[in-house]
Amino acid sequence: MLNTNSEYLRPEIMDVLRLFDKEEEEFTHYFSYSGGKFYNVIEYMSQFYDFEDGFNPSDELEFKRYAKRFAKLAFYKVLSKTTHITLPWGALTGIRPTKLAWTEIAAGRDYKELFKKLCVSEENINLTEQIIKAQQGLHGGGKSLYVSIPFCPTKCDYCSFITAPIEKTKQYVENYIKCLVKELESVKPITGEIRSVYVGGGTPFVLSAEQLTPIYAAINDILPKNIEYTVEAGRPDVFTEDKLELSKKFGVNRICVNPQSFNDKTLEAIGRRHTAEQTIKAFEMAAKYGFDINIDLIAGLDNERCTDFEKSLDISISLNPANITVHTLSLKAGAKLKENTKRLHVEEIEQMIAVSRKKLLAAGYQPYYLYRQKYQAGGLENVGWCKPGKACLYNIDVMEELGDNIAVGANAISKRLYSSEERIERYATPKHIPTYISKISDIIPKRIEFFK
């Protein structure tokens with residue numbers, strides 16, 4: 001149990017305790033600030049640890065930011081010392097390490113020095129540097145559009161999205177499409193300078209070509225021509241020629257094929273109904289239309305060892321997609337995996353991520369964005385890799401929070417950026433599909449008001 005005199009620091013400290021599996025142990029923490037010094041005193045296992053860090057904050061917002069930073073660092077140092085464990089991202093628990101790096105750069109400070117202070121590994125400082133270089137010149141700051149299609153063939157064990165097997169939700173599909181089209185029509189006056197659109201899910205290609213047509217038409221009615229246009233088509237067992245032809249006709253230029261693994265035993269274990277061979281065929285089918293293709297892989301899936309993951313990685317590289325995204329398995333609220341699992345201990349997860357970095361770099365890919373999740377195996381990360389000139393602008397804009405994101409559909413979270421105030425506001429639609437459908441007449445005017 002954590003006892004602290006500063007309750008606003010509790011969530012940040014608990015993030016560090018979770019990394020070391022120490023949430024249930026007894027800690028007493030005393031925080032104070034005086035004369036430009038942040039003081040953290042920690043009592044753990046009858047030992048006292050004192051930390052002093054100097055900084056003069058300019059306002060209350062900056063004060064709290066640094067108070068959280070120094071408190072996390074103090075707990076990290078105590079636990080790293082007592083457990084003899086070092087973590088790849090050190091005391092940096094936020095989901096956007098590169099955003100922090102960009103913030104330091106904008107302030108004229110050296111992010112590498114900050115990362116070293118936070119005990120980030122040299123490998124991850126180098127990874128961050130590579131991503132910063134890859135993003136140079138790509139921070140356009142325009143708006144982005146997200147379209148949610150929350151239907152899937154089945155629900156995977158690790159998935160936390162609101163999706164359910166389409167056999168259980170098909171009665172909502174037609175009304176959902178009508179509501180989605182209404183939303184898209186309503187946001188036309190507020191779209192402004194859209195520079196990317198992302199149709200995600202779920203599995204958008206679980207819908208038929210006939211069902212996709214009105215959605216594509218509504219999107220095209222509000223978008224400028226020749227912008228980045230991604231469809232997370234999804235699982236290979238729903239790919240068809242008519243859906244690919246339709247996507248090409250409406251200007252889609254990026255397709256995501258999400259096998260997660262090229263091992264059939266793994267696919268069966270996580271609740272998928274397709275084979276590795278189907279993924280290869282779906283990729284080849286999509287490649288004929290000239291799409292830039294992204295392949296998603298997950299390191300740490302059901303009982304896989306490094307050799308299993310390496311096989312999936314080698315097959316992915318051999319297909320020569322424009323992008324390969326490597327996710328580290330994460331426990332997520334609402335996922336079946338989390339029902340009986342408190343913490344992920346994935347054997348060889350560090351080796352999997354290490355081999356992905358080595359092989360992708362050797363194959364000519366460069367890391368161009370990353371993000372982290374709270375309950376991620378090994379305290380690791382998710383990294384998007386691309387061939388030169390093939391970075392996904394939507395991923396960069398959303399992960400670095402560079403501009404407004406207009407999001408439509410169930411469980412869609414719109415974001416409005418107030419850059420001068422270093423503030424972001426969010427507007428979320430209902431997760432429950434029937435609730436979303438019943439509330440559409442309220443959702444539309446609220447979003448318009450949100451972006452005024």
Does S121 reach the main-chain N or O of P88 with its side chain, forming a donor-acceptor pair under 3.5 Å?
yes
Whether the side chain of K116 engages the backbone of I125 through a donor-acceptor N/O pair (distance < 3.5 Å, no angle test) should be reported.
no
Would you please indicate if the ring centroids of Y176 and F151 are separated by under 6.0 Å?
yes
When you measure from the centre of the six-membered ring of F450, is the NZ or CZ of R447 closer than 6.0 Å and no more than 45° off the axis?
no
Find out whether the Lys NZ or Arg CZ of K248 is both under 6.0 angstrom from the six-membered ring centre of F291 and within 45° of the ring's axis.
yes
List in chain and number order the residues that pass side chain to side chain contact (heavy atoms under 4.5 Å, CB included) with T275, two or more places apart in sequence or in another chain; answer none if no residue qualifies.
D264, E277, Q278
For K225 and N220, indicate whether the former's side chain and the latter's backbone hold a donor-acceptor pair under 3.5 Å.
no
In terms of side-chain heavy atoms, does R416 have a donor or acceptor partner in N405 at a distance below 3.5 Å?
no
With side-chain contact (heavy atoms from CB on, under 4.5 Å) as the test, would you mind laying out the steps for T86 and C119 before giving the verdict?
CA-CA 8 Å; T86 59; C119 305; over 6 Å; no
D292 bridged to K390 by N-O distance under 4.0 Å:
yes
I'd like to know if the side chain of K415 and the backbone of D404 have a donor-acceptor N/O pair within less than 3.5 Å.
no
Verify, without hydrogens or angle tests, whether D302 (side chain) and A269 (backbone) share a donor-acceptor contact under 3.5 angstrom.
no
Just by modelled atom types, is the Y394 backbone N or O under 3.5 Å from a matching donor or acceptor in the E228 side chain?
yes
Between R357 and E123, is there a salt bridge with N-O shorter than 4.0 Å?
no
Apply the test side-chain contact (heavy atoms from CB on, under 4.5 Å) to residues D15 and R18: give CA-CA distance (whole Å), side-chain angles for both, the deciding distance (0.1 Å), then the verdict.
CA-CA 5 Å; D15 282 345; R18 287 188 195 99; 2.9 Å; yes
Test log, rule side-chain contact (heavy atoms from CB on, under 4.5 Å), inputs I437 and Y172:
CA-CA 8 Å; I437 292 170; Y172 304 119; 4.1 Å; yes
Just checking, any donor-acceptor pair under 3.5 angstrom between side chains of Y371 and Q376?
no
Consider only side-chain N and O atoms of T325 and N294, and report whether a donor and an acceptor are under 3.5 Å apart.
yes
Is R423 salt-bridged to E401, going by a charged N under 4.0 Å from an acidic O?
no
Is there a donor-acceptor pair under 3.5 Å between the side chain of S80 and the backbone N or O of I85?
yes
E62, CD: over 12 other non-hydrogen atoms inside 6.0 angstrom:
yes
If you count every heavy atom of other residues, nucleotides or ligands that lies below 6.0 Å from K439 atom NZ, does the total exceed 12?
no
Does E425, at its CD atom, have more than 12 non-hydrogen atoms belonging to other residues, nucleotides or ligands within less than 6.0 Å?
yes
If only side-chain N and O atoms count, and only distance matters, is there a donor-acceptor pair under 3.5 Å linking T328 with E381?
no
Are the side chain of S148 and the backbone N or O of V408 linked by a donor-acceptor pair below 3.5 Å?
no
Closest approach of L212 and P204, non-hydrogen atoms and distance?
CD2-O, 3.7 Å
Listed partners of K68 passing side chain to side chain contact (heavy atoms under 4.5 Å, CB included), at least two apart
Y8, L9, E12
Charged N-O contact under 4.0 Å between K265 and E304
no
Honestly, is K431 close enough over Y436, meaning NZ or CZ under 6.0 Å from the six-membered ring centre and within 45° of the axis?
no
Give a yes or no answer on whether the side chain of T203 reaches the backbone of F205 with a donor-acceptor pair at less than 3.5 Å.
no
Do Y198 and S144 get their side chains close enough for a donor-acceptor pair, meaning under 3.5 Å?
no
One thing to verify: whether E348 and R305 come together as a salt bridge, which I'm taking to mean a side-chain N less than 4.0 angstrom from a carboxylate O.
yes
Please confirm whether the backbone N or O of L87 pairs with a side-chain atom of Y76, one donor and one acceptor, at under 3.5 Å?
yes
I'd like to know if the side chain of K143 pairs up with that of T191 as donor and acceptor (distance under 3.5 Å, no hydrogens or angles considered).
no
